[in-house]
Protein chains: 2
Amino acid sequence: MEPILNKVDLARELGRETAELRNELRQFLQKKIKESNWDISFELLEILGLLYKRDGMIQQEIADILIKDKSSVTYLITNLVKRDLVERTEDQTDRRNKQIFLKAKGRELIQQLGPWVEELYTKATQGIPVENIALALAIARKMNENLKL
Amino acid sequence: MEPILNKVDLARELGRETAELRNELRQFLQKKIKESNWDISFELLEILGLLYKRDGMIQQEIADILIKDKSSVTYLITNLVKRDLVERTEDQTDRRNKQIFLKAKGRELIQQLGPWVEELYTKATQGIPVENIALALAIARKMNENLKL
DNA sequence: AATAAATAGTTTGAATTCAAACAGTTTTAT
DNA sequence: ATAAAACTGTTTGAATTCAAACTATTTATT
């Protein structure tokens with residue numbers, strides 16, 4: 001029988017369980033991607049998915065939402081540009097910003113593979129009341145806020 | 001005002017918040033490590049911390065607990081061996097296994113820096129009832145189980 | 001007893017991330 | 001008007017991770 005854990009151990013475990021969830025998603029998707037004609041990684045797919053929902057984001061926004069270092073985002077966007085999946089354009093109103101837009105090919109890819117991601121998340125959340133997931137999220141956010149004080 | 005999210009979006013957000021928490025821990029610790037005389041990374045520190053609690057684990061156990069690929073664990077343990085912080089010994093009862101033990105220097109390091117990690121987790125969890133964190137963890141676990149069906 | 005399957009760890013090449021520094025631009029302060 | 005601070009993105013070198021294949025050993029099956 002598992003020992004009763006204190007808050008610190010529970011918090012650590014929470015981080016690990018969500019890391020594991022992400023790995024499982026990645027592995028599931030990796031198999032699906034292999035079966036398809038696309039050559040794309042989980043990380044690249046995440047960015048395409050984000051742009052599908054909100055095209056034209058700037059790199060810093062992508063970094064903030066996906067919790068990635070801005071240099072990682074530069075690296076991944078460059079990869080996507082090379083594959084002709086997105087384009088990088090300069091923001092006319094603020095020349096520090098670069099806007100990233102899906103290209104036709106990128107849109108097609110995410111329209112094909114995107115539903116798999118949703119399907120997996122749907123499967124993961126099956127039978128769990130939405131208010132429970134909302135509570136878990138609120139707790140994780142509170143922990144982050146506590147560290148920012 | 002933030003729109004009401006569905007379960008899938010909430011689950012994604014949960015993953016991101018915990019990833020952000022980990023990054024914040026890493027950055028806090030990185031500053032502390034810089035102030036100290038040690039040269040160690042967050043990833044290496046995690047392994048030392050694990051061994052401090054349960055010395056003599058085998059590599060696969062470390063991989064399972066820290067949610068890392070076994071090849072990553074091989075890489076990190078090799079690094080720790082080079083720095084004379086741990087030793088790798090063959091398991092007499094099962095020659096597939098390698099047991100990893102802290103060396104005196106590794107023990108000293110984790111005794112000095114370990115409390116900082118605990119302190120940060122304690123700060124992160126301040127004011128949050130333990131049963132709430134336990135519930136968040138149960139939800140994350142349930143999502144993992146759902147994917148394994 | 002022999003063979004097949006599973007497990008633990010290593011190796012390799014590539015991808016991604018981390019940390020820091022830098023350049024260009026905009027915003028804020030003086 | 002000018003300088004300082006902040007912001008965005010890029011670059012670089014190193015660290016870590018991912019994916020796959022491999023070897024050696026143990027366990028399960030025939």
Side-chain angles (χ1 to χ4, degrees), chain A residues 16 19-20 22-35 39-48 56-83 86-100, chain B residues 16 19-20 22-35 39-48 56-83 86-100:
Chain A
R16 287 172 189 161
E20 184 169 358
R22 180 181 175 83
N23 281 354
E24 283 173 14
L25 288 171
R26 164 201 295 291
Q27 278 152 31
F28 264 90
L29 278 168
Q30 222 260 337
K31 282 172 184 168
K32 289 280 202 172
I33 290 165
K34 265 195 153 183
E35 291 165 13
D39 174 24
I40 194 77
S41 71
F42 182 78
E43 281 67 35
L44 298 175
L45 208 51
E46 267 190 313
I47 295 181
L48 293 179
M57 295 182 94
I58 68 172
Q59 290 184 203
Q60 187 61 54
E61 284 172 333
I62 295 171
D64 290 341
I65 292 171
L66 296 186
I67 317 297
K68 286 184 188 295
D69 195 84
K70 57 190 178 179
S71 62
S72 301
V73 172
T74 298
Y75 169 85
L76 295 169
I77 298 289
T78 300
N79 196 336
L80 289 169
V81 168
K82 272 180 191 167
R83 293 155 182 258
V86 304
E87 64 186 336
R88 219 186 214 125
T89 68
E90 287 179 23
D91 188 338
Q92 296 306 312
T93 62
D94 188 330
R95 292 216 307 275
R96 289 174 296 181
N97 297 343
K98 300 281 183 66
Q99 283 180 285
I100 314 299
Chain B
R16 289 171 187 161
E20 185 169 0
R22 181 181 172 83
N23 281 354
E24 282 173 15
L25 288 170
R26 163 199 299 288
Q27 278 152 33
F28 264 89
L29 278 167
Q30 223 257 338
K31 281 172 184 166
K32 289 280 204 173
I33 290 164
K34 265 194 153 179
E35 291 165 12
D39 173 25
I40 195 81
S41 71
F42 182 78
E43 281 68 34
L44 297 177
L45 209 51
E46 266 191 313
I47 295 182
L48 292 180
M57 296 182 92
I58 68 173
Q59 290 184 202
Q60 187 61 52
E61 283 171 334
I62 295 170
D64 290 341
I65 292 172
L66 297 185
I67 316 298
K68 285 183 188 297
D69 194 82
K70 57 189 176 180
S71 62
S72 300
V73 171
T74 297
Y75 170 84
L76 294 169
I77 298 289
T78 300
N79 196 336
L80 288 169
V81 167
K82 273 179 189 166
R83 292 155 180 261
V86 303
E87 65 186 332
R88 221 186 213 124
T89 68
E90 286 180 21
D91 187 339
Q92 296 308 312
T93 62
D94 188 331
R95 294 215 306 273
R96 291 174 296 181
N97 298 343
K98 299 282 181 63
Q99 284 180 283
I100 315 299

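The sequence lines fix the lettering, A, B, ..., with proteins before strands; numbering per chain opens at 1.
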Notebook entry, point to check: Want to settle it: does A:Thr93 or A:Leu76 sit nearer the 5' end of DNA chain C, counting the closest nucleotide to each?
Noted result: A:Leu76
Notebook entry, point to check: If each of B:Gln30 and A:Asn79 is mapped to the nucleotide of DNA chain C with the nearest heavy atom, which maps nearer the 5' terminus, i.e. the 5' end?
Noted result: A:Asn79
Notebook entry, point to check: Is the distance from OP1 or OP2 of C:dA20 to the nearest side-chain N or O of B:Lys34 less than 4.0 Å?
Noted result: yes
Note to self: When you compare the side chain of A:Lys70 with that of A:Gln59, does any pair of heavy atoms fall below 4.5 Å?
What the structure shows: no
Check: Can you check whether B:Arg83 reaches B:Ile40 side chain to side chain, under 4.5 Å on heavy atoms?
Finding: yes
Gap between atoms [atom1] and [atom2], on [X] and [N] respectively (whole Å):
X       : N      : atom1 : atom2 : result
A:Lys70 : C:dC18 : NZ    : C1'   : 13 Å
A:Glu90 : D:dT10 : CD    : C1'   : 13 Å
B:Glu46 : C:dC18 : CD    : P     : 12 Å
A:Asp91 : D:dC7  : CG    : P     : 17 Å
B:Asp69 : C:dA15 : CG    : P     : 17 Å
A:Asp39 : D:dA19 : CG    : P     : 13 Å
A:Gln92 : D:dT8  : CD    : C1'   : 16 Å
B:Tyr75 : C:dG13 : OH    : P     : 16 Å

Minimum-distance nucleotide to [X] side chain [options: [options]]:
X       : options                : value
A:Arg95 : D:dT16, C:dT12, C:dT25 : C:dT25
B:Thr74 : C:dT10, D:dA19, C:dC18 : C:dT10
A:Asp94 : C:dG9, D:dA20, C:dT26  : C:dT26
A:Lys68 : D:dT10, C:dT16, C:dA8  : C:dT16
B:Arg96 : C:dT16, D:dT10, D:dT25 : D:dT25
B:Asn97 : D:dG9, C:dG9, C:dT17   : C:dG9
A:Ser41 : C:dT16, D:dG9, C:dT10  : C:dT16
A:Ile58 : C:dC18, D:dT8, D:dA15  : D:dT8
A:Gln60 : D:dT8, C:dT12, C:dT17  : D:dT8

How would you label the contact of [X] with the nucleic acid (heavy atoms, under 4.0 Å): base, sugar-phosphate, or nothing?
X       : answer
A:Lys31 : nothing
B:Lys98 : sugar-phosphate
A:Asn23 : sugar-phosphate

Item checked: Which residue lies more 5' along DNA chain D, comparing A:Gln59 with A:Phe42 via nearest heavy atoms -> A:Gln59
Check: Could you give the distance from CG (B:Leu45) to NZ (B:Lys32), rounded to the nearest 0.5 Å?
Finding: 13.0 Å
Next item on the list: Locate the shortest heavy-atom distance separating B:Val86 from B:Ile77; write the atom from each residue and the value.
Entry: CG2-O, 4.2 Å
Note to self: With a 3.5 Å distance limit and no angle check, can you tell me whether A:Gln99 reaches the backbone of A:Gly56 through a side-chain donor-acceptor pair?
What the structure shows: yes
Margin query: Do A:Asn23 and A:Gln27 pair up side chain to side chain, a donor and an acceptor below 3.5 Å, judged on atom types alone?
Written below: no
